[in-house]
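Excluded from the calculations below are hydrogen atoms, water molecules and symmetry mates; all remaining heavy atoms, backbone and side chain alike, are included. Lettering follows sequence order; numbering is per chain, from 1.
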Amino acid sequence: MSTPPSGTVATAASAPDPATEFLARQSRLGRARSVLHRHPAVSPAVVLVAAIAVFGTINERLLLPANLSLILQQVAVVGTVALAQTLIILTAGIDLSIGAAMVLASMVIATTASELGVPGALALLLGLLVGLATGALNGVLVTRLKLPPFIVTLGTFNVFVALTLLYSGGATVRGADMPGLLTLTGAPITIGDVRITIGVLIMFALYVVVGYALTRTAWGRHVYAVGDDKEAARLAGIKVNRVLLSVYLAAGAIAAVCAWIQIGRTNAASPNAGVDLNLDSITAVVIGGTSLFGGRGTVWGTLLGALIVGVFRGGLSLAGLDVLYQTLAVGILVIAAVSIDQWIRKVRN
Amino acid sequence: MTSTTEATAERPLPTTPPILEARDLVKTFGRVVGLDGVSVQVYPGEVLAVIGDNGAGKSTLIKCLTGAEIPDSGELRLEGKRVHFRGPQDARAHGIETVYQTLAVSPALDVASNLFLGRERRRRGLLGSVLRSLDARGMRADAEAELRKLGISTLQDVSVAVENLSGGQRQAVAVARAAAFGSKVVILDEPTAALGVRESNQVLELIKDLRHRGLPVVLISHNMPQVFEVADRIHIQRLGRCAATVTPQTHSMTDAVAIMTGAATA
Ligand SMILES: Nc1ncnc2c1ncn2[C@@H]1O[C@H](COP(=O)(O)OP(=O)(O)OP(=O)(O)O)[C@@H](O)[C@H]1O
Ligand SMILES: [Mg+2]
């Protein structure tokens with residue numbers, strides 16, 4: 001099968017074929033690039049370790065278990081929204097409404113439970129349906145009307161905010177007025193010195209599930225293929241619209257779970273919660289090395305991105321700096337991360 | 001084996017029904033008429049070449065055969081039965097495999113993932129059926145075997161992302177995908193455009209090999225010597241219409257080019 005034509009046998013045996021050599025050299029360069037491509041989480045991992053080292057030296061209180069678990073709790077909500085955001089961005093979309101969808105779900109859960117006396121489990125199920133409905137609305141608008149996700153979710157963001165105020169009457173529901181199940185996500189589990197809330201554990205579990213689906217299942221490959229080159233995916237026989245719809249539905253479901261985490265974290269459900277949540281989730285995704293052009297990135301990068309933001313905020317405040325410097329630092333991080341992504345793309349082309 | 005090849009090299013008997021047939025396809029893009037009533041038949045075990053100038057409608061024609069474009073009017077028959085392809089996945093499900101001019105590979109995915117894109121294989125047992133886990137190792141091994149069959153020795157690592165491959169290697173991936181999964185018809189839109197001499201010859205050998213297996217091949221090419229080397233019949237597309245269908249036995253390259261450019265009629 002692989003026997004070369006008889007005339008070239010002698011040369012092929014004595015010296016490597018120049019063509020083979022050329023291709024081998026090319027793929028060695030390519031291999032270095034594909035390491036970055038295949039492991040986009042490498043650079044955020046380096047940044048996170050460096051940030052912990054730097055802020056830990058400035059103020060070693062940062063590394064206290066109590067402090068680290070506080071950072072984790074602060075990261076849980078934005079980290080979960082960012083997981084949903086990662087799915088959308090992998091398809092070369094962006095979701096401006098996911099934070100508002102989360103707040104809408106949290107108000108539905110809290111209000112139905114406290115005012116209508118619906119049992120906690122049923123209220124959560126209702127919240128899940130609301131989350132799925134928000135995803136379905138976005139997904140249908142993106143796939144059927146072929147509108148850009150940016151515009152669609154800008155519209156639905158306003159719709160969800162209005163619905164939230166309409167449904168809740170603008171009132172905050174206190175944790176004490178809800179069934180215990182709803183605030184369970186704020187309950188801590190103590191392992192040695194480390195206190196981790198159930199909400200944090202749920203976030204990690206969601207990352208494992210979505211990470212598995214993205215890397216080990218056909219659906220995951222289709223998500224990457226659609227984000228990478230929609231037309232190529234279509235010609236390869238992938239039902240692009242179905243994949244996109246499933247991604248928006250998954251994002252909506254994750255937003256609903258996040259609503260539960262949020263209620264536990266703040267021990268309340270407030271219609272005004274999470275104003276910055278949406279931009280923060282995009283920040284985490286971008287810092288985590290996921291490309292805004294789609295098709296490249298991992299959920300683990302996003303988790304690292306969310307942790308980086310958490311460590312920066314925690315570290316800077318421990319260093320006694322004003323909140324405005326935290327915000328400034330995050331802004332610089334975002335621009336640096338996007339520049340790195342652009343640079344990688346330029347090298348590849 | 002040789003005798004069958006000999007037989008199919010001659011003009012197909014009128015009694016042999018075509019495997020794939022299109023009648024009076026019309027496809028317009030706004031005011032541009034891509035196809036203006038084109039009919040084409042693909043017979044078992046033949047290589048049908050489609051030639052024509054740039055913009056003559058060759059790619060549009062084959063896209064209408066593969067569900068990548070939906071014709072405005074006209075009908076498609078596969079083994080005599082009327083079919084309606086709503087998308088490329090429908091044509092694939094019917095055993096029609098295509099290498100598109102744009103290759104349709106996903107740059108960020110690796111070679112093996114691209115070969116199996118859209119028809120991934122799951123693992124056996126509960127891991128596959130319940131957790132939907134992919135048989136990544138098995139697919140990699142099969143991808144390697146397919147590429148080896150094509151004689152593409154320069155492409156050994158199937159876990160390399162396609163974006164790191166040269167143009168010719170990408171084309172090889174697309175050709176290997178079509179050859180591996182085509183069971184009724186294999187359609188190749190300029191499959192040798194980015195290939196060197198040696199790789200081009202390998203693709204030509206592959207085309208002959210497919211014909212040998214009884215699989216009809218539709219080949220779009222601008223390379224006349226290649227077309228005249230492998231084609232049994234040549235469909236000449238001109239300005240959105242079929243100007244003529246000729247054979248290498250009855251027409252010379254100069255004749256074909258003359259028809260293609262409108263300097264002569266069949
Ligand atoms: N998606 C599209 N939108 C608009 N016009 C199109 C589209 N696809 C093809 N056309 C037009 O239809 C005509 C036929 O195009 P087609 O791609 O089939 O030509 P071709 O014979 O394959 O040319 P080439 O040899 O350059 O590949 C051209 O005029 C082209 O501009
Ligand atoms: Mg073409």
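- Atom CZ of A:Arg242 is surrounded by 12 or fewer heavy atoms from other residues, nucleotides or ligands within 6.0 Å.
- Formation of a donor-acceptor pair under 3.5 Å by the A:Tyr212 side chain with backbone atoms of B:Leu131 is found in this model.
- Closest of all the heavy-atom pairs between B:Ala104 and A:Ala236 is O-CB, 4.3 Å.
- Heavy-atom pairs under 4.5 Å with chain A peak, among B:Arg119, B:Arg122, B:Arg132, at B:Arg132.
- B:Glu120 contributes atom CD, which lies 8.5 Å from atom OG1 of A:Thr217 (distance to the nearest 0.5 angstrom).
- Within 6.0 Å of CZ on A:Arg144 lie no more than 12 heavy atoms contributed by other residues, nucleotides or ligands.
- Heavy-atom distances place the side chain of B:Arg92, and not its backbone, under 4.5 Å from chain A.
- In this structure, the portions of B:Ser133 lying under 4.5 Å from any heavy atom of chain A include both its backbone and its side chain.
- Neither the backbone nor the side chain of B:Arg123 comes within contact range of chain A; no heavy atoms are under 4.5 Å apart.
- Between the A:Asp229 side chain and the B:Ser106 main chain, no donor and acceptor come within less than 3.5 Å of each other.
- B:Leu109 approaches A:Asp228 most closely through the heavy-atom pair N-OD2, 4.1 Å.
- When all heavy atoms of A:Ile238 and B:Gly118 are compared, the closest pair comes out as CG1-CA, 4.3 Å.
- By the neighbour-count criterion of 12 heavy atoms within 6.0 Å, atom NZ of B:Lys208 is densely surrounded, having more than that number from other residues, nucleotides or ligands.
- Between the A:Arg234 side chain and the B:Ala68 main chain, a donor and an acceptor come within less than 3.5 Å of each other.
- Closest approach of B:Gln89 to A:Gly237, counting heavy atoms only: CB-O, 3.2 Å.
- Neither the backbone nor the side chain of B:Leu103 comes within contact range of chain A; no heavy atoms are under 4.5 Å apart.
- For the pair B:Leu134 and A:Arg221, the minimum side-chain heavy-atom distance is below 4.5 Å.
- Heavy-atom contacts from other residues, nucleotides or ligands closer than 6.0 Å to CG of B:Leu126 number 12 or fewer.
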